[in-house]
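Heads up, the thing below is written out as structure tokens.
All ligand and atom numbering here is 1-based and tracks the order in the structure. Worth knowing before you read on, the calculation uses all heavy atoms, side chains too, and leaves out hydrogens, waters and symmetry mates.
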Amino acid sequence: MGGFFGVASKESCTFDLFFGTDYHSHLGTRRAGMAVYGEHGFRKAIHSIENSPFRTKFEKELEYLEGNMGIGSISDFEAQPIFVRSHHGSFAITTVSKINNIDEIVDDILKGSTHFFEMSNGEINPTELVAALINQKENLIDGIKYALETIDGSLSLLLLTPMGIYAARDKMGRTPIVLGKKQDARCACFESFSYLNLGYEDDRELGPGEIAVITADGVKTLVAPGDQKKVCTFLWVYYGYPAASYEGVNVEEMRYNCGKLLARRDNIDVDVVAGVPDSGTAHAVGYANESGIPFSRPFIKYTPTWPRSFMPTIQTKRDLIAHMKLLPVHDLIKDKRLLLIDDSIVRGTQLRETTEFLYESGAKEVHIRPACPPLLFGCKYLNFSRSKSEMELIARVVINELEGREVTEPEVLEEYANPDSDKYQKMVDRICEKLNFTSLRYHRLDDMLESVGINPEHLCTYCWNGKE
Ligand code: SF4
């Protein structure tokens, strides 16, 4: 996916920018960058972070990256921030986006006989495309508004100018922008915890579609937020870091609630409750606290040399690394009836391997409780690295098997999404059998939304029920 951090300060911003951006490292695996503006003008650096962490790559450049305003990026895809010189003047821009209509936009802009630089994989840099959209309009604010409206998918951005940092949140608020403040400095970022150790306190979140300009003196709204909101629910279930909060709801706490509600509907007799690290662990704590069944950690994550959430972009390599990171504790597995909570089941391959491994290590039973409902639709709003095609999702594979054809009709999928339907139960039973679990019970959508606790109308649930 990706994340960003921006800071405007009366003093040097470099220290805050460096650590603030680094605290977004769990959101991306490929590229990172920092751009600053100060008495030397604009300066920037971009590095690959595929094989070494952000701090290692940038610490040698901190003297060069001196300035009092800056933006930093962690990206799963394109190199950014990029510098742009246009009729708006010079600026640097970073985005968190997924652009589904990239080809139409490119064709449209190319009619005006401009050009785009291709990245090494032959694709257009989405951040450059956003900059080109912004440059279509007379002034910067209209340009940013135009970019937010034109993009099918999602877009949040930070744009650094000599006058201040413009922050614009996705028009449906799918991804967050949080503001922090301290004396003589303001910041804007994806993850709210990223500024806490830097002395900032919470200010507020931008609303959906809101555009604001940030200077060291304060934040001024230039375009008011809209009233429709669809925040990604997966941020709480899986993506977000435990210390983060979105819409005022902390990730770790939501996961405890999730586990609690899972336990309330369950009546299984097991010896221990465990979670698949990292996010499954918090869901399992909630389950164990509610059910009274002891919590244990039959898997321990090896973190010293695997500090990052994701590593390579190739699925098979990612699976291998996910496996290598988890160390089993045989004494906690042997002869035990285990209830294991994972955040979700995507393709099912990893969880099947984990389960096999538990049986081989002497587990008597392995009961699986995913912390969200079956995934039926591929996300079209965020650049997820987890599943590329919705036909790879285990629930869709099984639905196709049960129906004997490739199912795409929304009304049929809707029946499978309904936890009170026979079709749903058949699908769950088949997944359970295929992946060789002792039992399988998914979280219900209504319970999951209740675990977040905000107005469900404000939450995106597309990947579970196909509702936009
Ligand atoms: S479809 Fe799912 S993953 Fe994508 S934004 Fe919506 S809730 Fe998040």
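More than 12 non-hydrogen atoms from other residues, nucleotides or ligands lie less than 6.0 angstrom from CG of Asn455.
We find that Glu149 and Lys171 are not joined by a salt bridge, their nearest charged nitrogen and carboxylate oxygen being 4.0 Å or further apart.
Side-chain rings of Tyr241 and Phe193 approach one another, their centers coming within less than 6.0 Å.
Annotation for ligand 1: atoms under 4.0 Å from non-hydrogen atoms of Cys460 are 1 (S), 5 (S), 6 (Fe), 7 (S). If you number the atoms of ligand 1 from 1 as listed, the ones under 4.0 Å from a heavy atom of Tyr462 come out as 1 (S). Listed by number with element, the atoms of ligand 1 under 4.0 Å from a non-hydrogen atom of Thr233 are 7 (S). For ligand 1, the atoms sitting less than 4.0 Å from at least one non-hydrogen atom of Cys463 are 1 (S), 2 (Fe), 3 (S), 7 (S), numbered in the order shown with element in parentheses.
At least one N, O or S atom of Cys379 sits under 2.8 Å from atom 4 (Fe) of ligand 1. At a cut-off of 2.8 Å, Cys232 does not coordinate atom 6 (Fe) of ligand 1 through any N, O or S atom.
Among residues at least two apart or in separate chains, there is no ring-ring contact (aromatic ring centres under 6.0 Å, His included) pair with a member in residues 413-432. For residues 442-468, every residue pair satisfying the ring-ring contact (aromatic ring centres under 6.0 Å, His included) rule, not counting sequence neighbours, is listed here: Phe234-Trp464, Phe377-Tyr462, Tyr381-Tyr462.
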